[in-house]
Amino acid sequence: MSQLYESAKAEYAKFGVDTDAAIAKLKELPVSLHCWQGDDVTGFDHDGPLTGGIQTTGNYPGKARTPQELMDDIEKVISLCPGKIKLNLHASYAIFEDGEFADRDKLEPKHFAKWVEFAKKHNMGIDFNPTFFSHPNIKDGLTLSSPDPEVRKFWIEHGKACIRISNYFAQETGIPCVMNIWTGDGFKDIPADRMGPRMRYKESIEEILSEPYDFKMVKPCVESKVFGIGVEAFTAGSAEFSLSFAAAHSDKCMPLMDNGHYHPTEVVSDKIPALLCFFPEIALHITRPIRWDSDHVVLFDDETKEMAKEIVRNDATDRVYMALDYFDASINRISAWTVGFRSWQKAMLSALCLPNAQMKKLQDEANFTELMVLQEESKMLPFGAVWAEYCAQCGVTADKSWFEEVKTYEAEVLAKRS
C-alpha cells in the first residue's frame, strides 16, 4: 500500500468514505466485455457487410479475422484491465469446424463449446445476444415483426435456440447468463400501421420466451431503440414497447437500457432509479453516443459517472447487469476495448468513493446549500490515488503505460494481419 494511497484514504475518511471497502466491492462486480469490438461486429457465420440497422466506421488495420485471433485479442485486453470480467457474445460468433455450418435457427450449444472453454480458462461467465441483423432472411428490414409468417418463424426459432445456448452457458460456468433481445425492425418513412408490427413483435418475443429456462440462471432482456439507420421513422421495439413488455412479463424477462438508444436530451442515469422502483433487476448496455447511437468508446465523462452513481447510491450493484457495447473501427481496437472498460471501472470506483449516505441525508433534510457544497468538495478528493491502489491490487498499471503494451502488440501481432 503506497504512502500516497494512505494519505488519500485518510482524506476520504474525513467524508465518511471507506476506500478499502470501495476497492473490495468493485473487485466483485462483473462487467461484460463485448466480443464485437474486436472484429467490427462481423462474426463468423457470414462474409457479407453489416445490415439491419447497424454499422461500423473506419478501417484501422489488424482486426480479428478468426476465432483464435479474437480470443487472443480479448486475452490481451483482460491483461490490461482491472476488475471482474464477463464475456459477451453474439450468436453470429458461433464457431464451426470441419466444414460444418448451421443457420441461426439451427444453432446448438456445441457451436459455442470453444467459447465456454475460453470462459472457463479465465474464470468468466458469459452473456449472450441473438443476432437479428446481417442475414438474408431479414425481409424488408423486418425480423420478429415481419408480416411474413415464415420469416417470423425463422427468427423465433433463432431466439429459442439462443435460450438453449444461454442455458448451456449458465450451466457450464455456474454464472447467470443475460440474454438480450434487440432487433433493428422498423421503417424508413412514416408507416401506415404502427400497432400491427408491434403486436407481431410482442407475440414473437412471447413465443421465444416459451422455451423452458430457469430465470435465476438465464436472464432474457428486451432492449429498446429510438431509431436507426434506415429505420428513422419507426422502430417496433421503442422504449415504451420494451418497458411495457418487460413489465408485463417480469417473471421471465428484464428491461435492458442502452444509453445510446434514446433522444439526445434523455439520460439513462435518470432512468436507472426510475426502473429500479418497479423491476427487481435491470440490465445496461453502456456506450457513448454522440448525437445518436454512434457507439463511441466509453470515457470517464459526466454521464458515464452519473450512471455509475445511480447504481451505487441506490444499493443496486447486485440488481443491475452491466455490459459494454461500442465498436470503433477507426482506432486500435485493443486500445478501444481497454479505454472503455477502464473508464467504466473508474466511474464505478468513483461512485463507490462518494459520501452517498451523507448527501442523501442532506437532501432529505432539504439542506440544499450544504449539499451543493459537499457535492463540489467531493469532486476534489484524491481519487487518482485510490484508482492507483485498485489497479495495483488487481495487478495492472494505473497510468497510461499499458498503452506501450498495446503498441507492442500492434507491431508484433496486429500489423501482421493482412
Side-chain angles (χ1 to χ4, degrees), residues 22-23 25-41 60 63-64 70-90 118-119 122-127 129 175 178 258-260 268 283-289 295-301 303-305 307-308 311-312 317 320-352 383-384 386-407 409-410 414:
I23 288 171
K25 178 76 171 178
L26 186 56
K27 285 181 182 178
E28 299 304 314
L29 300 180
V31 178
S32 273
L33 185 72
H34 54 310
C35 73
W36 50 93
Q37 167 61 62
D39 74 334
D40 308 339
V41 208
Y60 198 90
K63 82 170 185 175
L70 187 57
M71 290 179 188
D72 290 344
D73 291 353
I74 293 171
E75 285 187 327
K76 173 52 68 173
V77 175
I78 291 171
S79 74
L80 302 174
C81 292
K84 191 173 184 178
I85 298 176
K86 286 183 81 177
L87 176 65
N88 207 358
L89 297 174
H90 250 286
F118 179 83
H122 295 283
N123 195 28
M124 297 190 297
I126 304 177
D127 291 335
N129 306 260
I175 299 170
V178 177
D258 181 311
N259 61 302
V268 162
L284 296 177
H285 273 186
I286 302 154
T287 185
R288 180 169 57 98
D295 289 296
H296 284 67
V297 176
V298 172
L299 301 180
F300 188 46
D301 60 9
E303 175 58 7
T304 301
K305 287 187 276 189
M307 289 170 64
I311 295 170
V312 170
T317 55
V320 179
Y321 294 90
M322 302 174 287
L324 301 179
D325 182 10
Y326 52 83
F327 33 95
D328 192 337
S330 70
I331 59 177
N332 181 291
R333 295 169 185 83
I334 310 299
S335 180
W337 254 323
T338 305
V339 168
F341 194 92
R342 288 169 67 100
S343 293
W344 182 247
Q345 290 282 293
K346 289 175 185 175
M348 287 297 293
L349 184 59
S350 176
L352 286 162
F383 173 69
V386 183
W387 169 251
E389 177 65 19
Y390 173 62
C391 287
Q393 291 188 24
C394 292
V396 302
T397 182
D399 61 22
K400 71 181 184 67
S401 59
W402 62 264
F403 188 60
E404 295 304 315
E405 288 194 48
V406 173
K407 289 194 289 186
Y409 189 78
E410 179 172 307
L414 304 182

(message) Are the side chains of V31 and L324 in contact, using a 4.5 Å heavy-atom criterion?
(response) yes
(message) Using side-chain heavy atoms (C-beta onward) and a distance below 4.5 Å, is V77 in contact with I74?
(response) no
(message) Please give me the minimum heavy-atom distance between V297 and A336, naming the atom from each residue.
(response) CG1-O, 3.4 Å
(message) Test of understanding: with salt bridge (charged side-chain N to carboxylate O under 4.0 Å, His left out), list the residues that count as partners of D73, not counting sequence neighbours.
(response) R417
(request) Could you list the residues that satisfy side chain to side chain donor-acceptor pair (under 3.5 Å) with D328, not counting sequence neighbours? (result) S330
(request) Identify the two heavy atoms, one from D325 and one from D295, that lie closest to each other, and give their separation to 0.1 Å. (result) O-OD1, 3.3 Å
(request) Only counting residues at least two apart or in another chain, list the ones meeting side-chain contact (heavy atoms from CB on, under 4.5 Å) with D399. (result) T397, S401
(request) Please name all residues satisfying side chain to side chain donor-acceptor pair (under 3.5 Å) with Q393, sequence neighbours left out, ordered by chain then number. (result) K27, E389
(request) Sequence neighbours left out, what passes side-chain contact (heavy atoms from CB on, under 4.5 Å) with H296? Give chain and number order. (result) R288, I290, S294
(message) If the condition is side chain to side chain donor-acceptor pair (under 3.5 Å), which residues does R333 pass it with, not counting sequence neighbours?
(response) D40
(request) Run the numbers on I85 and F341 for side-chain contact (heavy atoms from CB on, under 4.5 Å), then give the verdict. (result) CA-CA 9 Å; I85 298 176; F341 194 92; 3.3 Å; yes
(message) Going by side-chain contact (heavy atoms from CB on, under 4.5 Å), name the residues that satisfy it together with S350, two or more places apart in sequence or in a different chain.
(response) F300, F383
(request) Taking the side chain as every heavy atom from C-beta outward, state whether H122 and E75 have any atom pair closer than 4.5 Å. (result) yes
(message) Tell me which pairs pass salt bridge (Lys or Arg N to Asp or Glu O under 4.0 Å) where either residue lies in residues 77-86, with sequence neighbours left out.
(response) K86-D127
(message) Side chains of D258 and I286, heavy atoms from C-beta outward: is any pair under 4.5 Å?
(response) no
(request) Under the ring-ring contact (aromatic ring centres under 6.0 Å, His included) rule, collect the residues that match up with Y326, sequence neighbours excluded. (result) H34
(request) Write down the atom of S32, the atom of L87, and the distance for their closest heavy-atom approach. (result) OG-O, 4.4 Å
(request) Measure from the side-chain N and O atoms of S335 to the backbone N and O of N332, and report whether any donor-acceptor pair falls under 3.5 Å. (result) no
(request) Could you pull out all residues at least two apart from N88 that satisfy side chain to side chain donor-acceptor pair (under 3.5 Å)? (result) N129
(request) State, with a plain yes or no, whether a side-chain heavy atom of Y409 is found less than 4.5 Å away from one of I334. (result) yes
(message) Suppose the criterion is side-chain hydrogen bond (donor to acceptor under 3.5 Å, both in side chains): which pairs have a residue in residues 336-348, not counting sequence neighbours?
(response) Q345-Y390
(request) Compare all side-chain heavy atoms of V386 with those of L349 and state whether any distance is below 4.5 angstrom. (result) yes
(request) Kindly compute the distance separating CH2 (W402) from OG (S79), expressed to the nearest 0.5 Å. (result) 11.0 Å
(request) Quick one: list whatever passes side-chain contact (heavy atoms from CB on, under 4.5 Å) with A398, sequence neighbours left out. (result) W387, A388, C391
(message) Taking E404 first and then K407, would you say they form a salt bridge - that is, a charged N and a carboxylate O separated by under 4.0 Å?
(response) yes
(request) State, to 0.1 Å, how close L284 and M307 come at their nearest heavy-atom pair, and which atoms those are. (result) CD1-CE, 4.2 Å
(request) Keeping the roles fixed (side chain from N259, backbone from T287), state whether a donor-acceptor pair exists under 3.5 Å. (result) yes
(message) Rounded to the nearest 0.5 Å, what separates atom CE in M322 from atom CE in M348?
(response) 4.5 Å
